[in-house]
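So the structure is just underneath, and the comments pick up after that.
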Amino acid sequence: MSEDEARQWVKSQFDVSRETWDRLQTYVSLLIEESAHQNLIAASTLESVWQRHIVDSAQLLKFLPDDGQTGRWLDLGSGPGLPGLVVAILSNWEVILLESRRGRIQFLTRCVQELGLLNARVAGCQLAAYQPDGPSDVISARAFAPMPRLLEGAARLADLKTLWLLPKGRNAQSELDMIRASWQGEFQMKQSMTSDESKIIVARSVSRRLPRRLPRKEKTA
């Protein structure tokens with residue numbers, strides 16, 4: 001997918017008004033500009049930002065139920081705002097950008113302000129310190145943590161209705177295998193449209209498996 005094809009895909013898949021398009025372009029400019037000062041995205045992807053980052057983030061919206069639902073979207077380790085800021089620009093979801101690193105918190109705050117995003121806010125803290133007033137409807141995490149550590153830390157922020165959208169690389173299947181003994185739910189592996197090696201884990205009804213009870217030994221007379 002070329003950069004022109006990536007831009008056209010976004011325009012064709014979403015209701016992109018002129019204001020929305022201007023926000024996307026401004027965000028891309030801010031992302032490239034800030035990447036000269038801190039390592040937000042890999043230098044090798046600077047010339048393919050639309051394909052590697054914007055489309056890669058926007059495609060997550062295609063895994064939502066087609067019922068017009070909106071609600072709270074929690075983006076873990078949002079970093080440069082991927083996918084959280086892209087989701088906030090392209091939708092009406094209330095997006096919380098959870099990030100603990102100071103430089104990235106400052107960048108996310110600047111983006112929210114300069115883009116005029118009323119449906120996005122930055123939660124500048126560690127995951128363990130984040131205390132919401134209820135479960136999230138969607139949780140996303142792009143390059144945040146392996147599945148065992150991610151679920152261990154974030155399960156308290158979800159309920160059985162929460163939709164998990166987790167972009168992963170070539171080790172996606174092995175990460176899923178690592179949690180099978182401890183976690184249960186509906187886990188699906190979807191192909192990313194931006195890379196043959198990338199997958200997206202789509203999960204619902206995620207909960208911790210209860211430990212197996214050992215059979216009671218009968219007392220002998």
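All figures in this text were calculated on a predicted structure; none of them were measured in a lab.
Heavy-atom minimum distance, E5 versus M1: OE1-CA, 3.2 Å. Nearest approach of T45 to A42, heavy atoms of both residues: OG1-O, 2.7 Å. Of all non-hydrogen atoms in D75 and P83, the two that sit nearest each other are OD1-CD, 3.2 Å. Annotation for I41 and L46: closest pair CD1-CD2, 3.7 Å, computed over non-hydrogen atoms. The minimum heavy-atom distance linking L163 with P65 is given by the pair CD2-CD, 4.4 Å.
E33 and R110 are joined by a salt bridge, as a carboxylate oxygen and a charged side-chain nitrogen come within less than 4.0 angstrom of each other. The existence of a salt bridge linking R52 and E3 is excluded, since no basic side-chain nitrogen approaches an acidic carboxylate oxygen closer than 4.0 Å. The pair R170-E197 counts as a salt bridge, with a side-chain nitrogen and a carboxylate oxygen less than 4.0 angstrom apart.
For Q38, the CD atom sits in a packed shell: over 12 heavy atoms of surrounding residues, nucleotides or ligands are nearer than 6.0 Å. Around the CG atom of N92, the shell of radius 6.0 Å holds no more than 12 heavy atoms that belong to other residues, nucleotides or ligands. Around the NZ atom of K161, the shell of radius 6.0 Å holds no more than 12 heavy atoms that belong to other residues, nucleotides or ligands. Applying the 6.0 Å contact sphere to CD of Q126 captures no more than 12 heavy atoms from other residues, nucleotides or ligands. Taking a 6.0 Å sphere around CG of L160, one finds it holds more than 12 heavy atoms contributed by other residues, nucleotides or ligands.
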Please test E152 against R208 for salt bridge (Lys or Arg N to Asp or Glu O under 4.0 Å), starting from the C-alpha separation and ending with a verdict.
CA-CA 9 Å; E152 192 67 37; R208 194 185 300 273; 3.2 Å; yes
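In this model, no donor atom of one side chain and acceptor atom of the other lie less than 3.5 Å apart for S192 and S195. Checked by atom type, the side-chain pair S174/D177 shows no donor-acceptor distance below 3.5 Å.
With a 4.5 Å cut-off on side-chain heavy atoms, R104 and E34 do not count as touching. The shortest side-chain heavy-atom distance between V138 and V87 does not fall under the 4.5 Å cut-off. Proximity of N119 to T70: side-chain heavy atoms (C-beta onward) are nowhere separated by under 4.5 Å. You'll find the side chain of L61 stays beyond 4.5 Å of the side chain of V86, heavy atoms only. Here the side chains of T20 and I89 are in contact, with some heavy-atom distance below 4.5 Å. Q173 has its side chain out of reach of K199: every pair of non-hydrogen atoms, C-beta onward, lies at least 4.5 Å apart. When side chains are defined from C-beta on, D159 counts as touching T162, because their heavy atoms get closer than 4.5 Å. Contact check for Q8 versus D4: no side-chain heavy atoms found under the 4.5 Å cut-off.
Looking only at distances, no side-chain donor or acceptor of Q188 sits under 3.5 Å from a matching main-chain atom of A203. In this structure a side-chain-to-backbone donor-acceptor pair under 3.5 Å is present from Q59 to D56. For R72 (side chain) and G134 (main-chain N/O), a donor-acceptor pair under 3.5 Å exists by modelled atom type. With hydrogens and angles ignored, the 3.5 Å screen pairs no side-chain donor or acceptor of T194 with any backbone N or O of Q51. Counting only distance, with no hydrogens or angles, the side chain of R142 and the backbone of L82 share no donor-acceptor pair below 3.5 Å.
Here OH of Y27 is found 9.5 Å from CG of L24. Values are rounded to the nearest 0.5 Å. In this structure, OG on S78 lies 11.0 Å from CD1 on I105, to the nearest 0.5 angstrom.
Taking Ile, Leu, Val, Met, Phe, Trp and Tyr as hydrophobic and joining them when side-chain heavy atoms fall under 4.5 Å apart, one finds F144 in a cluster with L74, L76, I96, L98, L127, Y130, I139, M147, L150, L151, L157, W164, L166, L176, I179, W183, F187, M189, I201, V206.
Taking the six-membered ring for Trp and thresholds of 30 and 60 degrees, W73 and W93 have ring planes more than 60 degrees apart, a perpendicular arrangement.
Each of L108, L30, L40, N39 was compared with P80 under the side chain to side chain contact (heavy atoms under 4.5 Å, CB included) criterion, and only L40 meets it.
Each of M178 and I200 belongs to its own hydrophobic cluster when Ile, Leu, Val, Met, Phe, Trp and Tyr are linked at side-chain heavy-atom distances under 4.5 angstrom.
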